[in-house]
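This report concerns only the one structure given below.
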There are 2 protein chains.
Amino acid sequence: MLSKSTEYAIRALVFVQLRNWEQKRPGVDEIAREIEAPEAYTAKILQILTKHKLLGSAKGRGGGFFFGENQSSLTLYDVIHVMEGDACFHKCGFGLKSCNDNNPCPLHDKYVVVRDGFFEIAKTETISALSDSIRRGDAVLNRIV
Amino acid sequence: MLSKSTEYAIRALVFVQLRNWEQKRPGVDEIAREIEAPEAYTAKILQILTKHKLLGSAKGRGGGFFFGENQSSLTLYDVIHVMEGDACFHKCGFGLKSCNDNNPCPLHDKYVVVRDGFFEIAKTETISALSDSIRRGDAVLNRIV
DNA sequence: TTATAAAAGGATATTAATATCTTTTTATAA
DNA sequence: TTATAAAAAGATATTAATATCCTTTTATAA
Ligand code: FES
Ligand code: FES
């Protein structure tokens, strides 16, 4: 499971993308409201994302968050990596200090399939692809109730 | 990813099983040492497991931990359920308040495959099967280094 | 130039997970 | 019966994740 912070980050980025497509640059307040996350905490997460250049920001009047040229096809992996590191992609599912094909834990063979499956999703899914499925109406950004 | 507590629990149970097969009932100290977990914390985890009847225990001289009749084929699911609940099996991977096939988040279709894959492992793998693969020498309980 | 709007930064608070320590209960061996 | 070994229980400590609040910097509009 991803951490709450990572989930907030992903949803925030998706919302920024959706607004950017409407030529808008949402601010912290709007983003937090739309993704249903605490405002001050969302601000911290957006800070982390901009500090790591996953997202652009503009201070002052008319400011807000937006994607720049080279930020258009961020993968989930990029976001997870910045928010919580990539332990989830290489950790041993049984809790051993490392995962090793040649000296496996009893869960290794089966666990690796799942872990690699998630890695594949993370590496191929992009913020813009997720956003687009929402834009098209095929998926939702939040629950009505 | 499972919590550290859950990992300790699984490894502890596997070690108890291995020792039980040798007609021994290990105590907290031996278990903690073998699974490389803090002793007092391991004691707490064993308490949770015995309280929930996943494991038997005997107090006093010659006491220790062991599996009873109906505890022989514990699944990973049973352990995870007791240690951290089963959110990981039904939670939305995108962080929505619930996962819903008919009103999916943009990650749903792909995420559910991975999540269900893990559920399948958890429901089918048992402590005794894991232990047996160690007994046979096909897998290890811990890293030498 | 000044007031205002916005993000950035820093400090602090709260909660949950991990970890340790001490006392109590229970069983057994001497 | 007493000393000892062991788990159970309870209290406390530490660390990391989540969350809030206040101040500073920056940009823009009036
Ligand atoms: S060694 Fe445990 S998952 Fe690979
Ligand atoms: S709705 Fe998000 S994983 Fe199902």
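Not measured: the values here are computed from a predicted model. Throughout, a chain's letter reflects where its sequence line sits, starting with A, and its residues are numbered from 1.
- For the OP1/OP2 pair of C:dA19 and a distance below 4.0 Å, the side-chain nitrogens and oxygens of B:Tyr8 include at least one atom meeting the criterion.
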| message | Quick one, B:Leu55 with B:Val16, criterion side-chain contact (heavy atoms from CB on, under 4.5 Å). Give me CA distance, side-chain angles, the key distance, then yes/no. | response | CA-CA 9 Å; B:Leu55 185 65; B:Val16 170; 3.9 Å; yes
| message | Could you write out DNA chain D as dot-bracket? Rules: Watson-Crick or G-U wobble, both distances under 3.5 Å, brackets [ ] for crossings, | for pairs with another strand, dot for unpaired. | response | ||||||||||||||||||||||||||||||
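- Between the CD atom of A:Glu7 and the C1' atom of D:dA19 there is a distance of 16 Å, rounded to whole Å.
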| Using a cut-off of 4.0 Å between protein heavy atoms and nucleotide atoms, how would you tag nucleotides 22-30 of chain D 5' to 3' with B, S and -? | ---BBBBS-
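- Computed from coordinates, the A:Lys4 NZ to C:dT15 C1' distance equals 10 Å when rounded to whole Å.
- Salt-bridge formation is detected for the pair B:Lys91/A:Glu7: a Lys NZ or Arg NE/NH1/NH2 atom is positioned less than 4.0 Å from an Asp or Glu carboxylate oxygen.
- Between the P atom of C:dG9 and the CG atom of A:Leu49 lies a distance of 13 Å, rounded to the nearest Å.
- Under 4.0 angstrom from either OP1 or OP2 of C:dT18 there lies at least one side-chain N or O belonging to B:Ser5.
- Using modelled atom types, one side-chain atom of A:Arg143 and one backbone atom of B:Ser98 make a donor-acceptor pair closer than 3.5 Å.
- Considering only side-chain atoms of B:Gln47, the nucleotide from C:dT20, D:dA8, C:dT18 that sits closest is D:dA8.
- Counting to the nearest Å, the P atom of C:dT20 and the NZ atom of B:Lys44 are 13 Å from each other.
- Residue B:Lys53 contributes atom NZ, which lies 11 Å from atom P of D:dA8 at whole-angstrom precision.
- Using a 4.0 Å cut-off, some side-chain N or O of A:Ser57 falls inside it from OP1 or OP2 of C:dA8.
- Grouping the Ile, Leu, Val, Met, Phe, Trp and Tyr side chains by contacts below 4.5 angstrom, directly or via other members, places B:Trp21 with B:Val140.
- Whole-Å rounding puts the A:Leu46 CG to C:dG9 P distance at 13 Å.
- Put simply, CD1 on A:Ile48 is 11 Å from P on D:dA17, counting in whole angstrom units.
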| said: Go through it in stages, so that I can follow the logic: the residues are B:Glu30 and B:Arg19, the test is side-chain contact (heavy atoms from CB on, under 4.5 Å), and I'd like the CA-CA distance, side-chain angles, deciding distance and then a yes or no. | reply: CA-CA 10 Å; B:Glu30 184 184 359; B:Arg19 290 297 273 162; 2.8 Å; yes
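- Checked for salt-bridge contact, A:Glu36 and B:Lys97 meet the test: a charged N lies under 4.0 Å from a carboxylate O.
- The side chain of B:Lys51 lies closest to D:dA9 when the candidates are C:dG9, D:dA19, D:dA9.
- Here A:Thr50 does not reach the OP1 or OP2 of C:dA7: none of its side-chain N or O atoms lies under 4.0 Å away.
- Side-chain atoms of B:Ser5 and B:Tyr41 form a donor-acceptor pair, as typed in the model, at a separation below 3.5 Å.
- Using a 3.5 Å distance cut-off with no hydrogens or angles, the side chains of B:Glu84 and B:Thr6 do pair a donor with an acceptor.
- Remark: C1' of D:dA17 and CD of A:Glu84 are 11 Å apart, rounded to the nearest angstrom.
- Remark: side-chain polar atoms of A:Arg25 are not paired, donor with acceptor, to backbone N or O of A:Gly63 under 3.5 angstrom.
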